[in-house]
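Letters go in sequence order (proteins before strands), and every chain restarts at 1. Values reported hereafter were calculated over all heavy atoms of this structure, with side chains retained and with hydrogens, waters and symmetry mates removed.
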There are 2 protein chains.
Amino acid sequence: MSETQAPHKPDANLRSPFPNPDQQTAKKVAQTVERAAKVFADRNLRFTKLRQQVFEEIAATHASIGAYEILARLGEKGTRVAPISIYRAIDALLDAGVIHRLESKNAFFACRRTDHMSKGKRPIFLSCEKCGAVGEVDGQHIFDLIGEAAKSAKFTPRVKFVEVQGLCPRCAGGDS
Amino acid sequence: MSETQAPHKPDANLRSPFPNPDQQTAKKVAQTVERAAKVFADRNLRFTKLRQQVFEEIAATHASIGAYEILARLGEKGTRVAPISIYRAIDALLDAGVIHRLESKNAFFACRRTDHMSKGKRPIFLSCEKCGAVGEVDGQHIFDLIGEAAKSAKFTPRVKFVEVQGLCPRCAGGDS
DNA sequence: CGCGTTATAGTTATAATATAACGACCTGGC
DNA sequence: GCCAGGTCGTTATATTATAACTATAACGCG
Ligand SMILES: [Zn+2]
Ligand SMILES: [Zn+2]
Ligand SMILES: [Zn+2]
Ligand SMILES: [Zn+2]
């Protein structure tokens, strides 16, 4: 199933939005954390210990994760914080663009793309109903169309959501 | 059918998705309730008293409304029910397609179109951040595009959400 | 009609998600 | 030092949603 991959290090944005979870090693998470830290640094924001811990929990899975699930996992590791602290960290991570919120599930997931944090390539979210994995694919043309539809209704759009629930390639493949 | 009526009564689907609230009279609500009752009858479902009461509260505003707000308004009118009863009624109304759920606000609003309850003209939702009004405009081509984008990611879509937050014509126009 | 079956609703309790309010602390600049 | 702004702790509460069980209403059928 793999697209013809470059021999060494393919652009993260060109890889499948639903990579094999085997690739989800601790090393991968550490790399993702480093990218997030750089985003915070570039924007003169503080990537505090709590924010990093919360981000690590979110980035440790390809599935979306709820605030209280993050709370529980941090608790198991000895970091006991109040819900409000989790939400404050989540807000900072959302503002920085390193995580996204899945409105239809009240849950969060780590952004694994680099092409829509600065440029204008807005992604749509694909959420698997079976394994919870969330993928992002470019949807700029879709958002453009939505903007036109809104305009035709004399509506001034500010925030647009496109979320799809269904089955990811592995879960749809029958080989579970 | 029966669209061949008085020349001063345009098809509901052709009117603006954001009508003037002056039009939102009790009579209008009653008409909407009758349409909903017909949908239930046509599908051999029961439009029970509770479901009708809940629907009336939802239909009484062009804004989206939360389950507990419905609960409170019914309570003021002497109908005291438990939250679960509201949610059960909402589920039935959603299944029948006479209301929609706004995922990004955890709220509900009455469907005022007739062209996507039976046919394949799926709407996108436009939610005003100032007055709460929600409008629907056809977005079939948008959903088609979303389907293609999902397919290109080898994702099997089942449910698609498209929601836009912004300003409705009246709130954006400054003339309130 | 009486009966079984199913859908609906009542009742109680609780789960899950999210925010308000206030004070402590830390950090950088003056 | 002292202020200003941002972060976090602490406590309490608001908001949204469902579980589990009981009771009743509706309907088809013999
Ligand atoms: Zn992203
Ligand atoms: Zn899956
Ligand atoms: Zn509708
Ligand atoms: Zn408005």
Side-chain angles (χ1 to χ4, degrees), chain A residues 36-37 39-41 43-58 63-75 78-96 98-109 127 132 161 163, chain B residues 36-37 39-41 43-58 63-75 77-96 98-109 127 132 161 163 165:
Chain A
V39 171
F40 271 77
R43 299 180 49 169
N44 251 349
L45 301 170
R46 280 146 67 180
F47 196 52
T48 65
K49 182 182 174 188
L50 181 60
R51 290 170 184 179
Q52 175 167 344
Q53 287 175 301
V54 169
F55 181 73
E56 282 171 350
E57 292 303 328
I58 299 175
S64 62
I65 180 174
Y68 281 76
E69 177 65 22
I70 297 168
L71 187 73
R73 294 188 187 181
L74 285 185
T79 301
R80 308 262 177 95
V81 292
I84 184 69
S85 290
I86 300 288
Y87 279 102
R88 286 195 283 227
I90 285 173
D91 281 345
L93 296 168
L94 284 173
D95 284 347
V98 298
I99 65 173
H100 299 302
R101 177 184 168 90
L102 204 53
E103 298 291 338
S104 56
K105 286 187 67 180
N106 296 328
F108 310 89
F109 64 96
S127 171
F161 301 102
E163 299 179 6
Chain B
V39 171
F40 272 77
R43 299 181 50 170
N44 251 348
L45 301 169
R46 285 189 268 169
F47 196 51
T48 65
K49 183 181 172 188
L50 181 60
R51 289 172 185 178
Q52 175 167 341
Q53 287 176 302
V54 169
F55 181 73
E56 281 170 351
E57 291 305 327
I58 298 175
S64 61
I65 180 174
Y68 280 77
E69 178 64 21
I70 297 169
L71 188 73
R73 294 188 187 180
L74 285 185
K77 296 176 182 172
T79 301
R80 308 264 176 92
V81 292
I84 185 71
S85 290
I86 301 288
Y87 279 102
R88 287 194 282 225
I90 286 173
D91 281 346
L93 296 168
L94 286 172
D95 283 349
V98 297
I99 66 172
H100 299 300
R101 176 184 167 90
L102 204 54
E103 298 291 336
S104 57
K105 287 187 67 181
N106 296 329
F108 310 89
F109 64 96
S127 171
F161 303 101
E163 298 179 8
Q165 294 176 358

Give me the atom names and distance for the closest heavy-atom approach of B:Leu50 to B:Ala89. CG-CB, 4.4 Å

At a cut-off of 3.5 Å, list every protein nitrogen or oxygen paired with a nitrogen or oxygen from nucleotides 15-19 of chain C, distance to 0.1 Å.
unit_1, atom_1, unit_2, atom_2, d
C:dA18, OP1, A:Arg101, NH1, 3.0
C:dA18, OP1, A:Arg101, NH2, 2.6
C:dA18, OP2, A:Tyr87, OH, 2.9
C:dA18, O5', A:Tyr87, OH, 3.4
C:dA18, N7, A:Tyr68, OH, 2.7
C:dA18, N6, A:Tyr68, OH, 3.3

Rounded off to whole Å, could you give me the CD1-to-P distance for the B:Ile90 and D:dT16 pair? 11 Å

Measure from CG on B:Leu71 to P on D:dA17 and round the result to the nearest Å. 13 Å

Sequence neighbours left out, what passes side chain to side chain donor-acceptor pair (under 3.5 Å) with A:Thr48? Give chain and number order. none

Classify the side chain of A:Arg80 versus the base of D:dG9 as yes if they form a donor-acceptor pair under 3.5 Å and no if they do not. no

How many whole angstroms separate atom CD of A:Gln53 from atom C1' of D:dG9? 14 Å

Taken to the nearest whole Å, CG/B:Asn44 to C1'/C:dT6 is 14 Å

Could I get the full list of side chain to side chain contact (heavy atoms under 4.5 Å, CB included) partners for A:Gln52, not counting sequence neighbours? A:Val33, A:Phe47, A:Glu56

In whole angstroms, the gap separating C1' of D:dT15 from CD1 of B:Ile70 amounts to 14 Å

Whole-Å distance between D:dA26 P and B:Lys49 NZ? 12 Å

Heavy-atom nearest pair, A:Leu102 first then A:Ser127, reads CD2-OG, 3.6 Å

What is the distance, to the nearest angstrom, from the CG atom on A:Leu50 to the C1' atom on C:dA24? 16 Å

In chain order, what residues pass the side chain to side chain donor-acceptor pair (under 3.5 Å) check against B:Ser104, with sequence neighbours excluded? B:Glu163, B:Gln165

Restricting to nitrogen or oxygen on both sides, can you table the protein-nucleotides 3-6 of chain D pairs closer than 3.5 Å?
none

In short, A:Leu71 meets A:Val81 closest at the heavy-atom pair CD1-O, 3.0 Å

Residues passing the ring pair (Phe, Tyr, Trp, His ring centres under 6.0 Å) test with A:Phe109, sequence neighbours excluded, are A:His100, A:Phe125

Expressed as a whole number of angstroms, how long is the span from A:Ile86:CD1 to D:dT7:P? 16 Å

Would a distance-only check, ignoring hydrogens and angles, find a side-chain to backbone donor-acceptor pair under 3.5 Å from A:Arg51 to A:Arg46? yes

Please tell me if A:Thr48 has a side-chain N or O lying less than 4.0 Å from either OP1 or OP2 of D:dC8. yes

Scanning both residues in full, the closest heavy-atom pair of A:Ala107 with A:Gly66 reads CB-N, 4.2 Å

